[in-house]
Amino acid sequence: MKNTIIIKKNYEFKNLFSKGKFYYGEYIHIYIKENTSNYNKIGIAISGKQGKAVDRNRAKRLIREAYKNLEEHIKKGNSFLIIINKDVKIEELTYNNVEKNMRKTIDKANLLIK
RNA sequence: AAAGUAAAUUGAGUAGUCGCUGAUGAUACUCGAAAGGGUACAUGAGAGGAAAGUCCGGGCUCCAUAGAGCAAAGAUACUUGAUAACGUCAAGCGAGGGUGACCUCAGGGAAAGUGCAACAGAAAAUAACAACCAUAAAUAUUAUGGUUCAGGUGAAAAGGUGAGGUAAAAGCUCACCAGCAUUGCAGUGAUGCAGUGGCUGUGUAAACCCUAUCUGGAGCAACACCUUAAAUGAAAAUAAAAGUGCUCGUCUUUUAUUUAAUAGAUUUUAUGAGUGGCUUGAAAUAUAUAGCAAUAUAUAUUCUAGAUAAAUGACUAUUCGCGACAGAACCCGGCUUAUAGAUUUACUUUAACU
């Protein structure tokens, strides 16, 4: 992920939750907000209630992998905060589902380069 | 061969493409006065048997010292050994279970004291309802004395079974068994075996309690360093107060008073970011020696995750038995709980054959 920074600070997460625009997806939801830099920022948030450590790790890996493959097609200068839909069991997630859903959801926000 | 018992190992493999986190570098480019940093590339490494629960025991850090005594609270409880230590482990003892291999155990003290023992029953620990026997009265019974065998109740009924004995009976006497005390022998010891004695004293300590041993508290979000901001203003003596439940001893801090000194440092708190702590250790593997074993000692070899919104993945192909429980977070030794399947070793019983 050459042009992307992973969000690490707690206040950045809070900021995105409160001020980002919410986009609904079948498997994942995304909060999106513009930032002033030339980079994209991405954060992944999964609560402890949604699964055990192994499941949460797997979900993060799938999302990170999907984002990596989509990175070239996304416009720069935005922050993303990705959340798993609470109605979906993490065991049912696959790479193909996550990637298609992420592409659709980001397309709703008109941030895909076509 | 079937059924079982115990112990140990393993926890999908291979190839390709893209990617993640540390480490190393006489490499290339780049920032910088330098120290050093960044990017690329190359090399090699990268989750578990439970990483989990956070239930015990240690290391390490801070709480002034981690010192002594007392109190309180908690933990442990057959013996000997192992260990840094343990509530863990090993080998034994005792009790119970299983045809057996083997398994299970809140396994100190009830003769220090207090409490409790529902219902039933005459009576639940100063026992006497009904019954049996003797004597007297007088006669469908009553009174006094002896006895506690047989009866029913109950988780438990005042040692058990049998014989003698008696008016009727009873450890009243005897034999065997059980329990208690004591002596001898064997064993380091728990304990076992044998003898002797008197003839008994219920259960409950997963009720209080007693005895012995052990335990100061909080935790890596510990703690140390750096930057920024704000506040304060140094030393000595005396007194008071404070510093973990209490007391004592030493030490420290704060406040007040007095005295001395006169300028470049000191201290505390809060906020924010980062670095260290952080992985060479009661380490792993192999061999030898000692020991029944847990384990110890010696020698040789090896370095084997170190993240911090948190690194092991995705896709494709392929093989099989079609993949369970599950993700390091300061580090070790255990315990407990979860776990698809596969493999190995030793042993037991039953059946068949030789």
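These numbers come from the heavy atoms of this one structure, side chains and all, not from hydrogens, waters or symmetry mates. Labels below follow one simple rule: chain letters A, B, ... track the order of the sequence lines, proteins then strands, and each chain is numbered from 1.
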Closest-nucleotide ordering on RNA chain B, the 5'-leading residue of A:Lys60 and A:Asn57: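 The residue whose closest nucleotide sits nearer the 5' end is A:Lys60.
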Which nucleotide, in any strand shown, forms a Watson-Crick or G-U wobble pair with [N], with both distances under 3.5 Å?
{"N": "B:rC347", "result": "B:rG4"}
{"N": "B:rG264", "result": "none"}
{"N": "B:rA288", "result": "B:rU297"}
{"N": "B:rA256", "result": "B:rU238"}
{"N": "B:rU173", "result": "B:rA163"}
{"N": "B:rA73", "result": "B:rU215"}
{"N": "B:rG115", "result": "B:rU204"}

Spatial distance of atom CD1 (A:Ile83) from atom OH (A:Tyr24) [nearest 0.5 Å]: 13.0 Å
So, taking the atom named CD1 in A:Ile82 and the one named CD1 in A:Ile106, what distance separates them when rounded to the nearest 0.5 Å?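 Output value for this atom pair is 6.5 Å.
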Using the [atom1] atom as the reference point in each nucleotide, state the distance between [N] and [M] in Å, no decimals.
{"N": "B:rG334", "M": "B:rG53", "atom1": "C1'", "result": "14 Å"}
{"N": "B:rA305", "M": "B:rG281", "atom1": "P", "result": "14 Å"}
{"N": "B:rC331", "M": "B:rG277", "atom1": "C1'", "result": "12 Å"}
{"N": "B:rU279", "M": "B:rC89", "atom1": "C1'", "result": "28 Å"}
{"N": "B:rA71", "M": "B:rC93", "atom1": "P", "result": "42 Å"}
{"N": "B:rG333", "M": "B:rA52", "atom1": "P", "result": "14 Å"}
{"N": "B:rG162", "M": "B:rG184", "atom1": "P", "result": "39 Å"}
{"N": "B:rU104", "M": "B:rA6", "atom1": "P", "result": "8 Å"}

Chi class for [N]: syn within 90° of 0, otherwise anti:
{"N": "B:rG171", "result": "syn"}
{"N": "B:rU319", "result": "anti"}
{"N": "B:rA47", "result": "syn"}
{"N": "B:rU54", "result": "anti"}
{"N": "B:rG22", "result": "syn"}

According to salt bridge (Lys or Arg N to Asp or Glu O under 4.0 Å), who are the partners of A:Arg103, at least two apart in sequence or on a separate chain? A:Glu99
For nucleotides 312-317 of chain B, just jot down a letter per nucleotide in 5' to 3' order: B, S or -, based on protein non-hydrogen atoms under 4.0 Å. SBSS--
Between A:Met102 and A:Ile63, does a side-chain contact (heavy atoms from CB on, under 4.5 Å) hold up when you go through it step by step? CA-CA 9 Å; A:Met102 187 184 288; A:Ile63 291 168; 3.9 Å; yes
Minimum heavy-atom separation for A:Thr105 to A:Tyr23, with atom names?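 Reported closest heavy-atom pair: CG2-CB, 3.8 Å.
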Starting from C1' on B:rA51, measure out to CG on A:Asp55 and report it in whole angstrom.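 Answer to the nearest Å: 16 Å.
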Rounded to whole angstroms, how far apart are CD1 on A:Ile63 and P on B:rA311?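 Distance check: A:Ile63 CD1 to B:rA311 P gives 13 Å.
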